[in-house]
Amino acid sequence: MGTTPTPLRRFMDYAVLGVLAFIFVLPVIYLFLGSLKPSDEVLNGLSGFLPTHLSFDNYSSVLDSLNSESTGYFWRFMGVSLLLAFVVVTGGLFVNSMAAYGLSRLKWRGRNAVFTLILLLMLVPFESVAVPLFYMFNDQRNTLPILALPFIANAFSVYQFHTFFRSIPPSIEEAARIDGAGPWRTFFAIIVPMSKPAFASVAILTFLIQWGSFLWPVLMVSDPSVRPLPLEMSVFQGQQPPDWGQILAFGVLLVLPVLVVFAFFQRWFVQGVASSAVKG
């Protein structure tokens, strides 16, 4: 039986966590403040944290500079990234959760071998297969499906769902079978509603990975009309001379969708983290 922490221990824990949180949030504060400053004041070391000469001119300059056929349209880049993230996240939640359900709750010959193979796939970095995939799908370059389809099935997502599904008491499914529910109805009517923390965790992590995807678009995209936002930011940053205020403003616009997604799923995400900590 665990002991209740003393007030001093609780204070020390929160103090350490507060300092760590402050250290990790400093770059984000610098990003937001720098995006509101003139370019010549951005790279001024610690003085960059001083809230002076703030305006939204950098944001309007970014949107104005990416508003023609020659440069491409910012909102088109944003739309491509949002569409790809939506397809990968929703498709991944469906495919990976069902795969994990079959591996964790259904009994069939060879499931342990298949699950072991999936675990081994987690050890294979995408960079090691990027070039073979490039040659396999070279005829599909500059198309939206090829930017999303290779990332819907994900071994780590299957593992996350598998771990959560294994913690659900078997008696719940047994009761469902007695009531006449088959595997499909049991999964969608019982397992899915009970697994909101797992779905939220997988959704957030999948969105983060897909939203920041860079190597695959570099290999497969040369047409600006299907260029995702991270790839366009690299093009924008490479312009000479670099305007750091506008670059940081572009970075803020790139980060905002991530914050929105996390704010939407954070309640179930925290529940999942807390339940994992208790089980651990």
Side-chain angles (χ1 to χ4, degrees), residues 20-68 70-89 126-127 144 147-148 151 203-266 269:
L20 291 175
F22 180 73
I23 293 174
F24 281 108
V25 83
L26 277 178
V28 180
I29 297 175
Y30 200 101
L31 172 68
F32 279 95
L33 289 177
S35 69
L36 299 172
K37 291 187 170 189
S39 182
D40 56 356
E41 295 185 13
V42 172
L43 304 180
N44 285 339
L46 295 179
S47 62
F49 288 102
L50 298 178
T52 57
H53 304 97
L54 303 183
S55 71
F56 290 96
D57 292 343
N58 290 323
Y59 292 91
S60 60
S61 297
V62 170
L63 298 179
D64 290 340
S65 63
L66 297 176
N67 192 31
S68 67
S70 60
T71 61
Y73 296 91
F74 177 86
W75 297 113
R76 179 184 293 173
F77 302 135
M78 175 73 78
V80 168
S81 288
L82 289 174
L83 177 61
L84 293 176
F86 175 79
V87 171
V88 172
V89 171
F126 176 74
E127 291 77 7
L144 291 177
L147 293 177
F151 304 99
I204 290 175
L205 294 177
T206 303
F207 183 87
L208 285 173
I209 295 172
Q210 176 59 34
W211 189 255
S213 177
F214 183 76
L215 176 60
W216 188 239
V218 166
L219 294 175
M220 302 302 294
V221 173
S222 58
D223 184 354
S225 64
V226 292
R227 184 183 294 166
L229 206 56
L231 182 56
E232 174 56 28
M233 184 175 183
S234 70
V235 175
F236 186 83
Q237 184 176 349
Q239 297 177 356
Q240 298 296 329
D243 189 313
W244 292 106
Q246 293 184 26
I247 291 172
L248 293 188
F250 201 125
V252 172
L253 294 172
L254 183 64
V255 168
L256 284 180
V258 178
L259 298 180
V260 172
V261 169
F262 181 79
F264 182 80
F265 288 107
Q266 62 89 20
F269 179 76

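All values reported here derive from a predicted model rather than from experimental measurement. One is the number of the first residue; the rest follow in order along the sequence. Any value given below was found using the heavy atoms of this structure, including those in side chains, with hydrogens, waters and symmetry copies removed.
In this structure, the side chain of S81 does not engage the main chain of M78 through any donor-acceptor pair within 3.5 Å. Between the side chain of T206 and the main chain of A203, no donor-acceptor pair closer than 3.5 Å is present. Checking side-chain atoms of W211 against main-chain N and O of L229 turns up no donor-acceptor pair under 3.5 Å. Listed for the D57 side chain is no donor-acceptor partner under 3.5 Å among the backbone atoms of P38.
Here the closest heavy-atom approach between residue L231 and residue P217 is recorded as CD2-O, 3.7 Å. Taking both residues in full, the closest heavy atoms of V226 and L147 are given as O-CD1, 3.7 Å, listed atom of the first, atom of the second, then distance. L84 and P228 get closest at one heavy-atom pair: CD1-CB, 4.4 Å. Summarising the geometry of N58 relative to K37, their closest heavy-atom pair is ND2-O, 2.7 Å, with the distance given to 0.1 Å. A pairwise comparison of heavy atoms in P224 and S222 identifies CD-O, 3.5 Å as the closest pair. Of all heavy-atom pairs between N67 and L63, the closest is CB-O, 3.4 Å.
We find the CZ-CZ distance between F264 and F207 to be 12.5 Å, quoted to the nearest 0.5 Å. Rounded to the nearest 0.5 Å, atoms CD (Q246) and CG (L253) are 11.0 Å apart. A distance of 13.5 Å separates CZ in F77 from CE in M233, rounded to the nearest 0.5 Å. In this structure, L219 CG and L215 CG are separated by 5.0 Å, a value rounded to the nearest 0.5 Å. Distance check, rounded to the nearest 0.5 Å: CG of L66 to OG of S61 gives 11.0 Å. The distance from atom CH2 of W244 to atom CD of Q237, rounded to the nearest 0.5 Å, is 5.0 Å.
Note on ring orientation: taking the six-membered ring where Trp is involved, the planes of F151 and F126 are tilted (angle from 30° to 60°).
Using a 4.5 Å cut-off on side-chain heavy atoms (C-beta onward), R227 and V235 make contact. At least one side-chain heavy atom of L36 sits under 4.5 Å from a side-chain heavy atom of Y59.
Just one residue in the list L256, V255, L248 forms a side chain to side chain contact (heavy atoms under 4.5 Å, CB included) with V252, and that residue is L256.
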Please tabulate, one pair per line, all N/O donor-acceptor pairs under 3.5 Å involving side-chain atoms of residues 20-33, not counting sequence neighbours.
from, atom 1, to, atom 2, distance (Å)
Y30, OH, V42, O, 2.5
Y30, OH, G45, O, 3.3

